[in-house]
**Student:** 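The structure is given below, and queries will be raised subsequently.
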Amino acid sequence: MLVAGSAVAQCQQPLHMADIPYPKNSSYFNSQYNAQLEAIIGAEHPSEGYLLLEFPVTKQQKDEQSRQYNMWLAGKRLTRIKQFLTNAEYPFPVITRILTASTEELRQVSISWCATETSPQLAQSSSQPQLP
């Protein structure tokens with residue numbers, strides 16, 4: 001089952017699996033990273049849990065229009081990876097989080113496995129950014 005939403009639960013000890021970089025002003029990742037995503041899909045997971053996709057957005061913005069554009073683009077980038085996983089019928093929940101207080105300008109989605117004893121509570125709307 002694929003779950004879309006923002007994580008309310010904290011990932012206590014994330015297991016970093018991959019980083020998927022994006023070209024500037026693009027919501028499409030290079031096809032060479034398909035192999036990394038396919039490896040994640042085929043990986044054995046040691047316990048119950050969920051996949052956490054995180055994208056940082058720098059807190060230093062030129063103006064409100066730039067901030068809105070960067071938030072929109074971050075969402076599109078996360079959606080591309082979620083869609084790839086959905087199309088491959090990835091069997092675990094996938095949680096997305098936009099980190100809005102980054103001090104660096106990075107253009108990569110970080111993918112981590114979060115083990116849980118119980119499923120994370122999900123926010124009603126995936127459009128609300130979660131602070132780190």
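Numbering starts at 1 and runs along the sequence shown.
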**Student:** Could you give the distance from CZ (Phe84) to CD (Gln36), rounded to the nearest 0.5 Å?
**Tutor:** 10.5 Å
**Student:** Any luck finding a side-chain donor-acceptor pair between Asn87 and Gln83 under 3.5 Å?
**Tutor:** yes
**Student:** Verify side-chain contact (heavy atoms from CB on, under 4.5 Å) between Leu51 and Tyr90, making sure each step is shown before the conclusion.
**Tutor:** CA-CA 10 Å; Leu51 204 60; Tyr90 184 69; 3.9 Å; yes
**Student:** Could you measure the distance from the CG atom of Leu37 to the CZ atom of Arg80? Nearest 0.5 Å is fine.
**Tutor:** 13.5 Å
**Student:** Quick check for you: to the nearest 0.5 Å, what is the distance between Asn34 atom CG and Ile41 atom CD1?
**Tutor:** 9.0 Å
**Student:** Any heavy-atom pair between the side chains of Tyr50 and Val94 that's under 4.5 Å?
**Tutor:** no
**Student:** Any donor-acceptor pair under 3.5 Å linking the side-chain atoms of Tyr69 with those of Asn25?
**Tutor:** yes
**Student:** Hey, is CD on Gln65 packed in by over 12 heavy atoms from elsewhere, all under 6.0 Å?
**Tutor:** no
**Student:** Compare every heavy atom of Cys11 with every heavy atom of Leu52, then report the nearest pair and how far apart it is.
**Tutor:** CD2-CB, 4.2 Å
**Student:** Within a reach of under 6.0 Å around CD of Gln32, are more than 12 heavy atoms found that belong to other residues, nucleotides or ligands?
**Tutor:** yes
**Student:** Between side-chain atoms of residues 14-21 and protein atoms elsewhere (two or more places apart, or another chain), which donor-acceptor pairs fall under 3.5 Å?
**Tutor:**
from: His16; atom 1: NE2; to: Ala18; atom 2: O; distance (Å): 3.3
from: His16; atom 1: NE2; to: Asp19; atom 2: OD1; distance (Å): 3.0
from: His16; atom 1: NE2; to: Asp19; atom 2: OD2; distance (Å): 3.4

**Student:** Measuring from Met71:CE to Thr100:OG1, what's the distance to the nearest 0.5 Å?
**Tutor:** 6.0 Å
**Student:** Taking salt bridge (charged side-chain N to carboxylate O under 4.0 Å, His left out) as the definition, give me every residue that meets it alongside Arg107, ordered by chain and number, with sequence neighbours left out.
**Tutor:** Glu105
**Student:** Indicate the atoms forming the closest heavy-atom contact of Val57 with Ala74, along with that distance.
**Tutor:** CG2-CB, 3.8 Å
**Student:** Look up atom NZ in Lys82 and atom CD1 in Ile95, then write down how far apart they are to the nearest 0.5 Å.
**Tutor:** 8.5 Å
**Student:** If I compare all heavy atoms of Lys76 with all of Ser27, which pair ends up nearest, and what's the gap?
**Tutor:** CB-CB, 3.6 Å
**Student:** Find out if a path of hydrophobic residues (ILVMFWY) with successive side-chain heavy-atom gaps under 4.5 Å connects Tyr33 to Ile81.
**Tutor:** yes
**Student:** To the nearest 0.5 angstrom, please state how far the OG atom of Ser26 sits from the NZ atom of Lys24.
**Tutor:** 12.5 Å
**Student:** Would Phe92 and Trp113 count as a close aromatic pair, with their ring centres under 6.0 Å?
**Tutor:** yes
**Student:** Report yes or no: is the cationic atom of Arg97 (NZ for Lys, CZ for Arg) under 6.0 Å from the centre of the six-membered ring of Phe55, at an angle within 45° of the ring normal?
**Tutor:** no
